[in-house]
Amino acid sequence: MAGIGTAGTKAQLYGAFAASGKALASGKRLELLDLLAQGERTVDALAKAAGLNLTTASAHLQTLKQAGFVATRREGVRIHYRLAGDDVARLFALLRKVAERHQAAAAAARDAHLGADDGAHVSREELRARVAVGDVVVLDVRPVEEYRAGHIPGAVSLPVDELVDRVDELPEETDIVVYCRGEYCVLAHDAVRLLTDRGRRAIRLDDGMLEWRLAELPVDAGDLA
């Protein structure tokens, strides 16, 4: 029995797949997905965080929406964007790892962005065990709005740009485990270096909030700790 498909329908199918790939073929659109993986945001907030003007940010977001990667809701005159599903976050995370494993340029760019990785770090499993014992402070150095959207239970919010002025709030004799958006987020690396220079026992979580969510680990939301 002959199959139903034809060369034309096959081309349509692969064209649909290619449309998704085309929507991802922009560094700035990937950065917007990275930001949205932390929680819902307005166009204004996304533009500011990504260093874009409103027109350019809106155009990128429309491309992502047409591909089905993001969804929206309206609140008055404001449009709020969010990822269309956890599968989009998983695709984004997988894309980064595949690029790092198979592109020398990606690995080199990672090292240039994050700097030398010569500090101590812990896995999610190790962190959960230490939190259960109660011998660490967990420090979230992302912007406050990202912390409110979802954070590791018990984590203290101290954005990296406030760290210099507030370092005295942190203990000197307790290990401080720092995390930010994900494995490729520079905020945690910068925070660990700063805290170490000021005599704190800083350790980095070896990934971040994106991977924590994708592992379906507990997440708290709301007010600052």
> With Glu169, which residues qualify under salt bridge (charged side-chain N to carboxylate O under 4.0 Å, His left out), at least two apart?
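So Glu169 forms a salt bridge (charged side-chain N to carboxylate O under 4.0 Å, His left out) with Arg166.
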> Indicate if Ile176 and Val133 have the same hydrophobic cluster label, given that clusters are the connected sets of ILVMFWY residues with side-chain heavy-atom separations under 4.5 angstrom.
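As far as the 4.5 Å side-chain criterion goes, Val133 and Ile176 are not connected within one cluster.
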> Linking I/L/V/M/F/W/Y whenever any side-chain heavy atoms sit under 4.5 Å apart, do Leu95 and Leu32 land together?
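Hydrophobic grouping puts Leu95 with Leu32.
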> Is Val131 isolated, or which residues cluster with it under the ILVMFWY side-chain rule of less than 4.5 Å, directly or via members?
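The other cluster members (ILVMFWY side chains, heavy atoms under 4.5 Å, direct or chained) are Val122, Leu127, Val136, Val138, Ile152, Val177, Tyr179, Ile203, Leu205, Met209, Trp212, Leu217, Val219.
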> Ignoring hydrogens, what is the shortest heavy-atom contact between Thr196 and Ala202? Give both atom names and the distance.
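What the structure gives for the nearest pair is OG1-CB, 4.0 Å.
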> Roughly how far apart are His80 NE2 and Leu46 CG, rounded to 0.5 Å?
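The NE2 atom of His80 sits 10.5 Å away from the CG atom of Leu46.
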> Hey, are Asp190 and Arg193 close enough for a salt bridge, meaning a charged N less than 4.0 Å from a carboxylate O?
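Salt bridge present between Asp190 and Arg193.
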> Transitively linked via ILVMFWY side-chain contacts under 4.5 Å: Val98 with Leu30?
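Different clusters: Val98 never reaches Leu30 through Ile, Leu, Val, Met, Phe, Trp or Tyr contacts under 4.5 Å.
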> If I take atom OG1 from residue Thr9 and atom OH from residue Tyr14, how far apart are they, to the nearest 0.5 angstrom?
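If I round to the nearest 0.5 Å, the distance is 11.0 Å.
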> Kindly say whether Leu170 contributes a backbone atom to a donor-acceptor pair with the side chain of Arg200 at under 3.5 angstrom?
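Side chain of Arg200 to backbone of Leu170: a pair is present.
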> Are Thr72 and Leu61 close enough that some pair of their side-chain heavy atoms sits under 4.5 Å apart?
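Result no, sub-4.5 Å side-chain heavy-atom pair not found.
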> So, for Val141 and Ala191, which heavy atoms are closest and what is the spacing to 0.1 Å?
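Minimum heavy-atom contact is CG1-CB, 3.9 Å.
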> Does NZ belonging to Lys97 count more than 12 external heavy atoms closer than 6.0 Å?
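Yes, enclosed.
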> How far does CD of Glu146 sit from SG of Cys180, to the nearest 0.5 angstrom?
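Going from the CD atom of Glu146 to the SG atom of Cys180 covers 9.0 Å.
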> Asp175 vs Asp135, test: side-chain contact (heavy atoms from CB on, under 4.5 Å). Steps then yes/no.
CA-CA 7 Å; Asp175 287 348; Asp135 69 344; 5.9 Å; no
> To the nearest 0.5 Å, what is the distance between OG1 on Thr63 and NZ on Lys65?
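Those atoms lie 12.0 Å apart.
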> Should the heavy atoms of other residues, nucleotides or ligands under 6.0 Å from CD of Glu216 be counted, would the total exceed 12?
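No.
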> Mark yes or no for whether Glu126, through its side chain, and Ser123, through its backbone, hold a donor-acceptor pair below 3.5 Å.
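Yes: the side chain of Glu126 pairs with the backbone of Ser123.
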> Please report the interatomic distance CG(Leu194) to NE2(His189), rounded to the nearest 0.5 Å.
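Result: 14.5 Å between the selected atoms.
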> Apply side-chain contact (heavy atoms from CB on, under 4.5 Å) to Leu33 and Val70, showing your working.
CA-CA 8 Å; Leu33 290 179; Val70 301; 4.1 Å; yes
> Counting N and O atoms only, with roles assigned by atom type, does the side chain of Arg29 sit under 3.5 Å from a partner on the main chain of Leu64, one being a donor and the other an acceptor?
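No, the answer is negative, given that no donor and acceptor are paired below the 3.5 Å cut-off.
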> Ignoring hydrogens, what is the shortest heavy-atom contact between Val167 and Arg198? Give both atom names and the distance.
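The pair with the smallest heavy-atom distance is CG1-CD, 4.1 Å.
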> Decide yes or no for Val43 and Leu54: does some side-chain heavy atom of the first lie under 4.5 Å from some side-chain heavy atom of the second?
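SC-SC contact between Val43 and Leu54 confirmed.
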> Could you tell me which non-hydrogen atom of Arg201 sits nearest to which non-hydrogen atom of Glu172, and how far apart they are?
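Closest approach of Arg201 to Glu172: CD-O, 3.7 Å.
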> Give, for atom CZ of Arg78 and atom CZ of Arg73, the distance between the pair rounded to the nearest 0.5 Å.
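CZ of Arg73 is found 11.0 Å from CZ of Arg78.
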> Between Tyr147 and Pro159 (side chain of the first, backbone of the second, donor and acceptor by atom type, cut-off under 3.5 Å), is there such a pair?
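No; zero donor-acceptor contacts below 3.5 Å.
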> Are Lys28 and Glu31 close enough for a salt bridge, meaning some N to O gap below 4.0 Å?
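A salt bridge links Lys28 with Glu31.
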> With a sphere of 6.0 Å drawn around CG of Asp86, does it hold more than 12 non-hydrogen atoms of other residues, nucleotides or ligands?
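Atom CG in Asp86 is not crowded, with 12 or fewer foreign heavy atoms closer than 6.0 Å.
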> Just by modelled atom types, is the Glu183 backbone N or O under 3.5 Å from a matching donor or acceptor in the Glu211 side chain?
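Pair found, side chain donor or acceptor close to backbone of Glu183.
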> Which atoms form the tightest heavy-atom contact between Thr56 and Leu52, and what is the distance?
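The pair with the smallest heavy-atom distance is CG2-CD2, 4.1 Å.
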> Which is it for Arg181 and Asp34 under the salt bridge (charged side-chain N to carboxylate O under 4.0 Å, His left out) test, yes or no, and what are the steps along the way?
CA-CA 8 Å; Arg181 291 168 179 152; Asp34 192 14; 5.8 Å; no
> Do you know which two heavy atoms are closest between Ala155 and Asp140, and how far apart they sit?
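Distance-wise, the nearest heavy atoms are CB-CB, 4.4 Å.
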> Start with the C-alpha distance between Leu91 and Phe69, add both sets of side-chain angles, then the distance that settles side-chain contact (heavy atoms from CB on, under 4.5 Å), and finish with yes or no.
CA-CA 10 Å; Leu91 174 63; Phe69 291 137; 3.9 Å; yes
> Is it possible for you to say whether Ile79 and Val88 belong to one hydrophobic cluster, with membership spreading through side-chain heavy-atom contacts below 4.5 Å?
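Yes, Ile79 and Val88 fall within the same hydrophobic cluster.
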> His151 vs Ser157, test: side-chain contact (heavy atoms from CB on, under 4.5 Å). Steps then yes/no.
CA-CA 9 Å; His151 55 267; Ser157 175; over 6 Å; no
> Name every donor-acceptor pair, under 3.5 Å, that has one atom in a side chain of residues 99-115 and the other anywhere in the protein, sequence neighbours excluded.
residue: Glu100; atom: OE1; partner: Tyr184; partner atom: OH; Å: 2.2
residue: Glu100; atom: OE2; partner: Arg110; partner atom: NH1; Å: 2.2

